[in-house]
Amino acid sequence: MQERPKTMPAGSNSMSISIVWSSEFETGIDIIDQQHRRMFEYFEEIETAIKQRAPERVERVVRNLIDYAFSHITFEEGLMEKANYPLLDVHRKVHESFRTRVLAWAEKLQDGADPLRVAMEVRTDVGLWLINHIKHEDKHYAPYVKKALAPGLVARMTGKLFGNG
């Protein structure tokens, strides 16, 4: 994933960030990398909906991203717990702060805020947060989780959280 500023029309003082997945963000845990990739696909969907000026679609995609991100966080914390990751409590606090921010966007949508504006904020804020989070916090826990992964553990956990089994 690379951050690329896009040029904005004259008179615009905001900058759009395009967030693209790349191998530099891989943790080496396939299921986690797949979930992270899915979140980046949501960013692309949000970008497309914004360009199409489709508020209903934007709102649906933003809500789906929020739901998916919360499921991912729960799954990730479960893996860290199974691995006895020593910084789990710190990681949980980072996730909790993220949840609080994301819930504020969901509230804005529910309160009738402009979905296109909220989507632009979500895309940039969540995207930049995720880039930083993967590069730092997630890469730190990866060795602990990889070492602790037992056959069938991931399948059981994904079945519980994502309804895959």
Side-chain angles (χ1 to χ4, degrees), residues 1-3 17-47 49-50 58-111 113 115 117-150 152-165:
M1 173 172 50
Q2 301 165 346
E3 303 162 60
I17 303 292
S18 180
I19 299 166
V20 181
W21 175 265
S22 80
S23 61
E24 77 178 291
F25 297 99
E26 291 178 358
T27 63
I29 303 166
D30 290 342
I31 188 71
I32 294 296
D33 292 338
Q34 290 168 12
Q35 292 173 9
H36 287 163
R37 265 192 208 104
R38 178 61 188 119
M39 284 189 272
F40 297 120
E41 290 169 4
Y42 277 119
F43 297 131
E44 291 174 27
E45 291 175 33
I46 290 170
E47 180 74 24
I50 290 170
V58 165
E59 189 169 346
R60 185 179 66 251
V61 174
V62 168
R63 289 185 188 284
N64 288 342
L65 170 61
I66 290 169
D67 290 345
Y68 193 86
F70 283 9
S71 295
H72 165 72
I73 285 170
T74 301
F75 180 79
E76 190 177 75
E77 289 175 359
L79 284 180
M80 287 185 277
E81 191 172 318
K82 297 281 185 196
N84 294 314
Y85 178 55
L87 298 176
L88 174 58
D89 288 339
V90 173
H91 205 105
R92 274 194 174 126
K93 286 178 184 170
V94 170
H95 282 166
E96 191 54 41
S97 172
F98 174 73
R99 280 186 187 100
T100 301
R101 285 173 38 206
V102 169
L103 286 173
W105 291 311
E107 259 184 54
K108 283 182 181 183
L109 286 173
Q110 191 165 334
D111 291 345
R117 179 168 297 247
V118 172
M120 287 185 263
E121 291 174 19
V122 167
R123 181 196 57 211
T124 301
D125 196 29
V126 173
L128 294 176
W129 181 88
L130 190 59
I131 290 167
N132 184 56
H133 188 73
I134 292 170
K135 281 184 171 182
H136 301 287
E137 286 91 0
D138 286 0
K139 291 237 180 171
H140 189 267
Y141 79 70
Y144 293 88
V145 169
K146 285 193 277 189
K147 187 175 172 182
L149 283 178
L153 172 67
V154 171
R156 287 192 306 275
M157 290 181 70
T158 54
K160 275 186 189 175
L161 289 166
F162 296 99
N164 297 345

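Nothing here was measured: the structure is a model prediction, and the numbers come from that model.
- Interatomic distance, CZ of Arg92 versus NE2 of His95, reported as 10.0 Å (0.5 Å rounding).
- Remark: Arg60 CZ to Leu65 CG distance equals 13.5 Å, nearest 0.5 Å.
- The aromatic rings of Trp21 and Phe40 sit tilted, their planes meeting at an angle between 30° and 60°.
- A pairwise comparison of heavy atoms in Ala49 and Val58 identifies CB-CG2, 3.3 Å as the closest pair.
- Side-chain contact between Leu79 and Leu149 is present, with heavy atoms from C-beta onward closer than 4.5 Å.
- Taken to the nearest 0.5 Å, the CD1 atom of Ile46 stands 12.5 Å off from the CD atom of Glu41.
- Interatomic distance, CD of Glu137 versus OG1 of Thr27, reported as 13.5 Å (0.5 Å rounding).
- Heavy atoms only, all atoms of each residue included: Ala106 and Ile66 are closest at CB-CD1, 4.2 Å.
- At a threshold of 4.5 Å between non-hydrogen side-chain atoms, the residues Asp125 and Phe98 do not count as touching.
- Two residues are said to be in side-chain contact when any heavy atoms from C-beta on lie closer than 4.5 Å; Val145 and Tyr85 fail this criterion.
- Across every non-hydrogen atom of Lys146 and Gly28, the tightest pair is CD-O, 3.5 Å.
- Distance check: Leu130 CG to Asp138 CG gives 7.5 Å after rounding to the nearest 0.5 Å.
- Looking at every heavy atom in both residues, Ile134 comes nearest to Phe25 through CG2-O, 3.1 Å.
- Atom NZ of Lys139 has more than 12 heavy atoms from other residues, nucleotides or ligands within 6.0 Å.
- Aromatic pair Tyr141/His91: ring centres closer than 6.0 Å.
- Looking at Thr74 and Phe70, their side chains never come closer than 4.5 Å, going by heavy atoms from C-beta outward.
- Between His72 and His36, the ring planes are perpendicular. Angles over 60° get that label, and only those under 30° would be called parallel.
- Within the 4.5 Å cutoff, side-chain heavy atoms of Leu128 are placed close to those of Ile131.
- Note that CH2 of Trp105 and CZ of Arg123 are 12.0 Å apart. Values are rounded to the nearest 0.5 Å.
- The neighbour count for Arg38 CZ, taken as heavy atoms of other residues, nucleotides or ligands under 6.0 Å away, is above 12.
- The two residues Tyr144 and Ala83 have their closest heavy-atom pair at O-CB, 3.5 Å.
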Report the C-alpha distance between Lys108 and Glu121 in whole Å, list the side-chain angles of each, state the deciding distance to 0.1 Å, and finish with yes or no for side-chain contact (heavy atoms from CB on, under 4.5 Å).
CA-CA 11 Å; Lys108 283 182 181 183; Glu121 291 174 19; 3.2 Å; yes
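- A donor-acceptor pair is defined here as one N or O able to donate and one able to accept, closer than 3.5 Å; no such pair exists between the side chain of Ser97 and the backbone of Lys93.
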